[in-house]
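Here is the structure we will look at, set down as structure tokens.
Within every chain, numbering begins at 1; the chains are lettered A, B, ... in the order of the sequence lines, protein sequences first and strands thereafter. Excluded from the calculations below are hydrogen atoms, water molecules and symmetry mates; all remaining heavy atoms, backbone and side chain alike, are included. Since this is a predicted model, take the numbers as computed values, not measurements.
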Amino acid sequence: MLDLRFICENLEFVKQNISNKNEKADISEILNFDNRRREIIIEVERLKNLRNVVSKDIAELKKNKHDADKQIAEMKEVSDTIKSMDDEQREVEQKIREIQIRIPNVTHPSVPIGKTEDDNKIVYTWGEKKENPHAKNHIEIAKSLGIVDFERGAKVSGAGFHFYTGKGAKLERALINYMVDYHVEKHGYTELMPPFVVNENSMFGTGQLPKMAEDMYKSDADSMYFIPTAEVPVTNFHNGEMLKGEDLPIKYTAYSPCFRREAGGYGKEVRGLLRVHQFNKVEMVNFVKPEDSMNQLEIITSEAEDILKSLGLHYRRVLLCSGDTSFASAITMDLEIWTQGEAKWLEVSSCSCFTDFQARRANIRFKRDATAKPEFVHTLNGSGVATPRLMVAILENNVREDGHVTIPEPLRQFCGFDEI
RNA sequence: GGAGAGGUGGCGGAGUGGCUGAACGCACCGGUUUGCUAAACCGGCAUAGUGGGAAACUGCUAUCGAGGGUUCAAAUCCCUCCUUCUCCA
């Protein structure tokens with residue numbers, strides 16, 4: 001959420017940013033609403049002051065056994081006026097809020113303006129494309145090795161759900177444990193195991209609501225949402241809190257399943273593990289001082305890259321253009337790995353700096369020291385990383401002539417076997 | 001599922017209708033004193049909105065889990081919800 005005063009003072013800039021982000025929020029009326037809001041406040045506060053003063057007089061009169069009927073009658077009228085003005089103020093503020101919560105975060109100046117992923121900027125590429133003469137599609141590999149069962153996933157839940165079976169399940173768990181341990185031991189993270197279902201307030205805090213409501217699974221009976229990423233519970237871990245400046249930066253990592261309806265996505269792009277309704281991901285979330293956030297984006301991105309490097313994956317870092325940068329993000333770096341079977345770059349990580357956008361929504365502040373004024377923290381998060389496409393790359397890049405897959409060395413101690 | 005008790009400032013904890021933005025304590029900041037440390041003493045110490053002012057600063061309003069209600073006046077009374085704890089099944 002952007003600061004109301006900032007919006008009003010930079011209306012054209014904010015409008016341009018909305019369009020840069022391919023969003024459609026209409027904010028033209030917000031100035032009128034804000035002016036009306038202030039008119040009401042000035043008048044209603046004058047009346048409240050009158051009421052407070054006279055109420056004290058009434059208390060004094062009553063204490064001295066004097067008659068206060070006249071004052072009480074007057075204040076009853078004043079109170080009625082106050083009530084109706086309070087109502088109008090609430091309505092106006094609601095209208096302002098409805099506009100405000102749909103305004104996306106302002107992109108960082110270094111973000112290229114663009115409409116689609118074609119306008120994204122490849123920052124650099126790490127490693128090189130190796131030729132695997134035996135490369136096959138991951139679906140074929142998984143089926144022949146019996147490590148993923150798509151059909152039964154569809155039977156039990158629906159299209160876009162799958163079972164990992166046998167060594168596939170073990171490898172999946174190994175990936176998760178490898179990455180969580182890596183961030184804890186090598187990057188100084190604290191591990192959290194969060195709830196996977198959260199309330200509306202949390203979804204609002206990180207910016208999924210109201211815009212992304214259609215993309216999430218929901219339990220209507222409880223108004224609870226299945227998390228689309230651990231970012232939601234982990235960022236909201238500190239919802240409403242006042243953090244200490246000396247404790248920053250705070251770095252959490254968390255494994256969670258991620259639930260996404262992926263409304264509207266069909267066809268080749270959704271084959272196999274490429275786009276599924278439930279997948280596992282290890283997430284990193286940082287809380288930092290405002291002046292550190294851009295530097296922290298570099299750090300968190302490189303922490304995700306460490307995972308890919310350690311697994312010997314050829315990847316590239318992509319700076320998303322404005323149109324591809326998500327609602328709440330100011331700047332996002334995607335990491336894409338090369339898969340030899342699909343012969344495609346697949347996104348496995350998205351590292352974003354949200355500046356104070358989420359912190360303002362979730363009311364997460366900090367004090368630099370005991371006497372300092374509260375400020376909003378800056379939040380960042382990065383996938384470190386999502387497993388399905390990692391699995392795709394591991395299968396496709398390491399499949400051998402005999403059809404078996406060699407497990408990358410760092411994972412072996414986590415899964416207990418060196419090939420499938 | 002049933003019964004009951006709570007949720008107050010950074011923390012602990014008073015407070016059952018007006019003199020309470022909130023006693024007291026802790027923490028923290030400034031100062032005095034002590035050879036240093038510790039202790040003692042004095043003072044300060046919430047957030048947001050809105051107005052005035054170039055600014056320093058300052059007036060007002062709101063805020064005691066959240067939202068409604070009663071009342072001239074609500075931390076205090078009523079209702080709904082969230083949440084914590086104790087006991088019962």
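- Across all strands shown, B:A73 remains unpaired; no Watson-Crick or G-U wobble contact has both distances below 3.5 Å.
- For the pair A:Arg361 (side chain) and A:Phe357 (backbone), a donor-acceptor distance under 3.5 Å is absent.
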N/O contacts under 3.5 Å, protein versus nucleotides 15-19 of chain B?
unit_1: B:G18; atom_1: N2; unit_2: A:Ser55; atom_2: O; d: 3.1

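- Among residues two or more places apart in sequence or in another chain, the side-chain contact (heavy atoms from CB on, under 4.5 Å) test is passed with A:Ala362 by A:Asn236, A:Asn239, A:Ile364.
- Aromatic ring centroids of A:His378 and A:Phe376 lie 6.0 Å or more apart.
- Within the 6.0 Å centre-distance limit, the rings of A:Tyr252 and A:His238 are counted as a close aromatic pair.
- Using Watson-Crick or G-U wobble geometry with both donor-acceptor distances under 3.5 Å, B:U83 finds its partner in B:G6.
- Look at B:G1: its Watson-Crick or wobble partner, with both distances under 3.5 angstrom, is B:C88.
- Open room surrounds NZ on A:Lys186; 12 or fewer heavy atoms of other groups in view lie less than 6.0 Å from it.
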For nucleotides 47-52 of chain B, tabulate all protein N/O to nucleotide N/O atom pairs closer than 3.5 Å, reporting atom names and distance.
unit_1: B:U47; atom_1: O3'; unit_2: A:Arg365; atom_2: NH1; d: 3.4
unit_1: B:G49; atom_1: O3'; unit_2: A:Arg37; atom_2: NH2; d: 2.7
unit_1: B:G49; atom_1: N2; unit_2: A:Glu45; atom_2: OE1; d: 3.0
unit_1: B:G49; atom_1: N2; unit_2: A:Glu45; atom_2: OE2; d: 3.3
unit_1: B:U50; atom_1: OP1; unit_2: A:Arg37; atom_2: NH1; d: 3.2
unit_1: B:U50; atom_1: OP1; unit_2: A:Arg37; atom_2: NH2; d: 2.8
unit_1: B:U50; atom_1: OP2; unit_2: A:Arg5; atom_2: NH2; d: 2.8

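- Under the Watson-Crick or G-U wobble criterion, with both distances below 3.5 Å, B:U16 is left unpaired in every strand shown.
- Base pairing of B:G49 is made with B:C60, judged by Watson-Crick or G-U wobble geometry with both donor-acceptor distances under 3.5 Å.
- Checking B:C28 for Watson-Crick or G-U wobble geometry (two distances, each under 3.5 Å) identifies B:G44 as its partner.
- As the counterpart of B:U34, no nucleotide is assigned, since no Watson-Crick or G-U wobble pattern has both distances under 3.5 Å.
- For A:Lys48, whose side chain is taken as the heavy atoms from C-beta onward, the closest listed nucleotide among B:U61, B:U70, B:C72 is B:U61.
- Aromatic ring centres of A:Phe259 and A:His277: separated by at least 6.0 Å.
- Pairing partner, B:A55: none, since no Watson-Crick or wobble contact has both distances short of 3.5 Å.
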